[in-house]
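Here's the structure we're looking at; comments come further down.
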Amino acid sequence: MIDGTAGVSGRRDADEALLDNPEALAEHDPGGMLRHTASAGAQVRESAALAAEANLGVLADDGRPRAVVIAGIGTAGRTGDVLATVAGPRCPVPIIGHRSAGVPGWVGAADVVIAVSASGRSPEALGAAEAAHRRGARLVAVGAPDSQLQSIAEQARAPFIPVPRRAPARASLWALTVPVLLAARSLGLVKVNEADLAETAARLDADADRCRSAAESFVNPAKSLALGLAGSIPIVWGSSPLATVAARRFGDTLSANARYPVVTGALGEAGRGRVGLLDGVFGGLAEGERDIFADPAEDDGEGTRLRLVLLRDGGLNAEDDTDEPFAVEERRADAVQTLAERRGVRCDVVTAEGGSALERLASLIAVPDFASVYLALAHGLDPMAVPAITEMKELSNQ
């Protein structure tokens, strides 16, 4: 009989004091997830250099593809979302994420398949790479060196970008994403130049410095965000397609690192239904019945409430040919903040900064990435080791 609590440890209530104790943080983070998260800027530089050494130029020999399929699961699958949003609505071909083994039935010699796997052995990426080779599609593979994925790429005489496996996949987003972007650039589908990469890496470095463990909570935006989310049910909405990618990424890391349930998505879609959560038993109803004089330390868990995190694109894409006018996105974001305020639901806002789509995306991802790790540590959880993930793999592989 499997013990369903094996390896599960931590505390239900967040320890705020722990976050301002660098020694305690290091003790609770034996796998170094904070260090891996801080490596995002270095990941951009390293993977760009590795992609430059791959023979990506051959991708352009057969001209523009009919479609590009990004095959992968989890964080590897998110790279397709990043590519689609950085390419934008002007992209001349469809970019399609595929999160199951194999490839869509229509894929053939006119298409490009980019198979992505941090380990180089995920069934989804391996199946897609094999199917692409079999059908004559152009293939690009991104993953761990000396892996099964590399072997398939070599058999297919396809470009392979090796991504050294130094951290869990969820802490390797940028190492996996940059090769995908540069492969798409070789196909003429996205405008990402060396300056964009350098500025994105610098932005990630600067945010890592702001979010370092030695910075106290009142000046550390990630610790402040983590403490605001502690004990809540987070709702993370993005005001634009780019911000929505960051919102879904935050949902991934909150679930895996901090083990929090979370609702994520596009604010435009939420406004047609999910915004009703603000009126519900964890939103306006709970806030209306709250005793403002009650001791928070005596909360028995029945008072769990929503916490809204709004990721805003910042207005820097106002001149772009976007799917939706920028003014509409801004009015919608202002409206949901007003709705939350009227119902007593607290709202954190992260606004994008930077001169390119890639840098703006990085500015929306960096602080939330750190916040998910700090929230895990505040609950006494090891953000690196997730027993349920390991157990799920064992049960599935049986």
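Worth saying up front: this structure is predicted, and the values here are computed from it rather than measured.
Both Val275 and Ile233 belong to a common hydrophobic cluster when Ile, Leu, Val, Met, Phe, Trp and Tyr are linked at side-chain heavy-atom distances under 4.5 angstrom. Using a 4.5 Å cut-off between side-chain heavy atoms of Ile, Leu, Val, Met, Phe, Trp and Tyr, with links allowed through other members, Tyr260 and Val386 fall into different hydrophobic clusters. Val236 is not connected to Leu306 by any chain of hydrophobic side-chain contacts under 4.5 Å among Ile, Leu, Val, Met, Phe, Trp and Tyr, and they are in different clusters.
Minimum interatomic distance between Leu197 and Val44 (heavy atoms only, all atoms of both residues): O-CG1, 3.7 Å. The two residues Ile161 and Ala54 come nearest to each other via the heavy atoms CG1-CB, 3.9 Å. Taking each heavy atom of Ser147 and Ser119 in turn, the nearest pair found is CB-O, 3.8 Å.
The OG atom of Ser39 sits 8.5 Å away from atom CZ of Arg166, with the distance rounded to the nearest 0.5 Å. Rounding to the nearest 0.5 Å places CG of Leu377 at 9.5 Å from OG of Ser213.
Defined by atom type and a distance below 3.5 Å, a donor-acceptor pair is present between the side-chain atoms of Asn257 and Arg170. Side-chain contact check for Gln337 and Arg342: no donor-acceptor pair (N or O, by modelled atom type) lies under 3.5 Å.
Using a distance-only test at 3.5 Å, with no hydrogens or angles considered, no donor-acceptor pair links the side chain of Thr79 to the main chain of Thr177. A donor-acceptor contact shorter than 3.5 Å links the side chain of Asp29 to the backbone of Leu34.
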Practice problem: Start with the C-alpha distance between Asp313 and Ser239, add both sets of side-chain angles, then the distance that settles side chain to side chain donor-acceptor pair (under 3.5 Å), and finish with yes or no. | Solution: CA-CA 6 Å; Asp313 206 350; Ser239 68; 5.9 Å; no

